[in-house]
Amino acid sequence: MITVNHLNLTFGEGSRQNQVLHDVTFEVRPGEIYGLVGESGSGKTTVLKCLAGLFTHWRGELAINNVPLEKRISRERCRRVQMVFQDPYGSLHPRHTISDILEEPLLIHGIPERDRRVNSLLDRVGLSRTFRDRYPHQLSGGQRQRVAIAGALILEPQVLLLDEPTSALDVSVQAEILNLLAELQKEANLTYLMVTHDLGVIAHLCQKVAVMQYGKILETLTVEALVKGDVATAYTRMLINGSQRYSREMAREVAAY
């Protein structure tokens, strides 16, 4: 469903060039939940932004369902792939009601029965229809992320790109959002590409994972292998150990990378 082949991305020009992605290659099968994990700055979100069309000067090959992605955002691309951002408040227009936010994509694409579609989607993400007249600042963080997920699903895409969708939420709300994402994925057989630094989230939701560092994929493995600790690189081992405990020795080990 998602094909990323020799993806490279560079910022700056001349002596100021900084290559942030190096030949990133992986494939996500239809209906699969695939994770990208690594420390901050490893290039995880940059890969998502290339797939979403937010960066357009990449080199390589990107495709959704065997359809190559162009270096621009088109209406057809928006119907196939959508992104859920890390900060639910920043991704929602503060002066638009929830109804306006969810109806706007339907208006742009000329999709009828807007009321029915918005009401149905609010029900699916666990919000009542009374939320339609509210503004983002009147919602909790978890409610805002539910609206963001609804906004990503309103055009019925095949693929969702999830950029740490729970990291800005309270711990008590994170499990609710992860369970919601799992339910929605099963309902519509969606394909997810999820970015996170939390191996617990990967173990809870994903089937496969690619480990990234410095813009490169170090290894890909199943979640079962990750949980068992059956990994190939010292960096992945360090991530696993870091997710289980904290110590001065671990802090020094992380700093060495």
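Counting non-hydrogen atoms of neighbouring residues, nucleotides and ligands closer than 6.0 angstrom, the NZ atom of Lys71 exceeds 12 such neighbours. Atom CZ of Arg16 is surrounded by 12 or fewer heavy atoms from other residues, nucleotides or ligands within 6.0 Å. By the 6.0 Å contact criterion, CD on Gln17 is enclosed, its count of non-hydrogen atoms from other residues, nucleotides or ligands being greater than 12. For Gln138, the CD atom counts as densely surrounded, since its 6.0 Å shell holds more than 12 non-hydrogen atoms of other residues, nucleotides or ligands.
Residues Arg75 and Ile108 meet the side-chain proximity criterion, which asks for heavy atoms closer than 4.5 Å. With contacts defined as side-chain heavy-atom distances shorter than 4.5 Å, the pair Asn18/Val20 qualifies. Thr25 is not listed as a side-chain neighbour of Leu7, based on a closest heavy-atom distance of 4.5 Å or more. Phe131 places a side-chain heavy atom less than 4.5 Å from the side chain of Gln143. Side-chain contact between Leu180 and Glu176 is absent, with no heavy-atom pair separated by less than 4.5 Å.
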Only pairs under 3.5 Å count here: list side-chain donor-acceptor contacts from residues 77-84, not counting sequence neighbours, and write none if there are none.
unit_1: Arg77; atom_1: NE; unit_2: Leu51; atom_2: O; d: 3.4
unit_1: Arg77; atom_1: NH1; unit_2: Glu70; atom_2: O; d: 2.5
unit_1: Arg77; atom_1: NH1; unit_2: Arg72; atom_2: O; d: 2.8
unit_1: Arg77; atom_1: NH2; unit_2: Cys50; atom_2: O; d: 3.0
unit_1: Arg77; atom_1: NH2; unit_2: Leu51; atom_2: O; d: 2.9
unit_1: Gln82; atom_1: NE2; unit_2: Cys78; atom_2: O; d: 3.0

Review item, side-chain donor-acceptor pairs of residues 222-234, under 3.5 Å, at least two apart:
unit_1: Thr222; atom_1: OG1; unit_2: Ala225; atom_2: N; d: 3.1
unit_1: Thr233; atom_1: OG1; unit_2: Glu219; atom_2: OE2; d: 2.9
unit_1: Thr233; atom_1: OG1; unit_2: Thr236; atom_2: N; d: 3.2
unit_1: Thr233; atom_1: OG1; unit_2: Thr236; atom_2: OG1; d: 2.8

Give the table of side-chain donor-acceptor pairs shorter than 3.5 Å for residues 100-107, with sequence neighbours excluded, one pair per line with atom names and distance.
unit_1: Asp100; atom_1: OD2; unit_2: Thr97; atom_2: OG1; d: 3.2
unit_1: Glu103; atom_1: OE2; unit_2: Ser99; atom_2: OG; d: 2.9
unit_1: Glu103; atom_1: OE2; unit_2: Arg132; atom_2: NH2; d: 2.7

Distance-only donor-acceptor pairs under 3.5 Å for side chains of residues 53-61, two or more places apart:
unit_1: His57; atom_1: NE2; unit_2: Thr10; atom_2: O; d: 3.0
unit_1: Trp58; atom_1: NE1; unit_2: Phe55; atom_2: O; d: 3.4
unit_1: Glu61; atom_1: OE1; unit_2: Asn5; atom_2: ND2; d: 3.2

Could you list the donor-acceptor pairs under 3.5 angstrom formed between side-chain atoms of residues 27-37 and any protein atom two or more places apart in sequence or on another chain?
unit_1: Arg29; atom_1: NE; unit_2: Glu32; atom_2: OE2; d: 3.4
unit_1: Arg29; atom_1: NH2; unit_2: Glu32; atom_2: OE2; d: 3.1
unit_1: Glu32; atom_1: OE1; unit_2: Arg29; atom_2: N; d: 3.0

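By the criterion of side-chain heavy atoms lying less than 4.5 angstrom apart, applied directly or through intervening Ile, Leu, Val, Met, Phe, Trp or Tyr residues, Leu205 is grouped together with Val125 in one hydrophobic cluster. Grouping the Ile, Leu, Val, Met, Phe, Trp and Tyr side chains by contacts below 4.5 angstrom, directly or via other members, places Leu153 with Tyr192. Transitive grouping of hydrophobic side chains (ILVMFWY, heavy atoms separated by less than 4.5 Å) keeps Phe26 and Leu221 in distinct clusters. Taken together through direct or relayed side-chain contacts under 4.5 Å among Ile, Leu, Val, Met, Phe, Trp and Tyr, Phe11 and Val24 form part of one hydrophobic cluster. Under a hydrophobic-cluster definition in which Ile, Leu, Val, Met, Phe, Trp and Tyr are linked whenever side-chain heavy atoms come within less than 4.5 Å, directly or via other members, Leu190 and Ile202 are assigned to different clusters.
Remark: Met194 CE to His204 NE2 distance equals 9.0 Å, nearest 0.5 Å. Distance CZ/Arg117 to CD1/Ile111: 5.5 Å, rounded to 0.5 Å. Between atom OH of residue Tyr135 and atom CG of residue Leu92 there is a gap of 13.5 Å, rounded to the nearest 0.5 Å. Between atom CG of residue Leu69 and atom CD1 of residue Ile2 there is a gap of 9.5 Å, rounded to the nearest 0.5 Å. Taking CG of Asp198 as the reference point, atom CD of Gln174 lies at 7.0 Å (rounded to 0.5 Å). To the nearest 0.5 Å, the span separating CD1 on Ile98 from CG on Leu127 amounts to 8.5 Å.
Across all their heavy atoms, Leu160 and Ala152 have their closest contact at CD2-CB, 3.8 Å. Considering all non-hydrogen atoms of both residues, Leu121 and Ala150 come closest at CD2-O, 2.9 Å. Residues His22 and Asn8 come closest through the heavy atom pair CA-OD1, 3.5 Å.
Put simply, the side chain of Gln86 never gets that close to the backbone of Ser167: no donor and acceptor are under 3.5 Å apart.
Residues His197 and Glu164 bring a donor and an acceptor atom of their side chains to less than 3.5 Å of each other. Residues Glu39 and Tyr235 bring a donor and an acceptor atom of their side chains to less than 3.5 Å of each other.
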Candidate pair Asp123 and Arg129, rule salt bridge (charged side-chain N to carboxylate O under 4.0 Å, His left out), full reasoning
CA-CA 7 Å; Asp123 290 340; Arg129 299 173 187 183; 3.0 Å; yes
Assess the residue pair Leu62 and Thr3 against the criterion (side chain to side chain contact (heavy atoms under 4.5 Å, CB included)); give the C-alpha distance rounded to whole Å, side-chain angles, the decisive distance to 0.1 Å, and a yes or no.
CA-CA 6 Å; Leu62 300 177; Thr3 302; over 6 Å; no
Does Thr191 form a side chain to side chain contact (heavy atoms under 4.5 Å, CB included) with Gln158? I'd like the steps, not just the answer.
CA-CA 6 Å; Thr191 301; Gln158 301 167 303; 5.9 Å; no
Could you walk me through whether Glu183 and Arg124 pass the salt bridge (charged side-chain N to carboxylate O under 4.0 Å, His left out) check?
CA-CA 9 Å; Glu183 292 168 7; Arg124 286 175 63 194; over 6 Å; no
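Using a 4.0 Å cut-off between a side-chain N of Lys or Arg and a carboxylate O of Asp or Glu, Asp163 and Lys44 do not qualify as a salt bridge.
For Asp170, there are no side chain to side chain donor-acceptor pair (under 3.5 Å) partners, not counting sequence neighbours.
Under the side chain to side chain contact (heavy atoms under 4.5 Å, CB included) rule, Leu162 has a single partner from Leu193, Leu181, Val195, Thr196, which is Leu181. Here the rule is side chain to side chain contact (heavy atoms under 4.5 Å, CB included) with Met212, and of Leu21, Leu218, Thr46 only Leu21 fits it.
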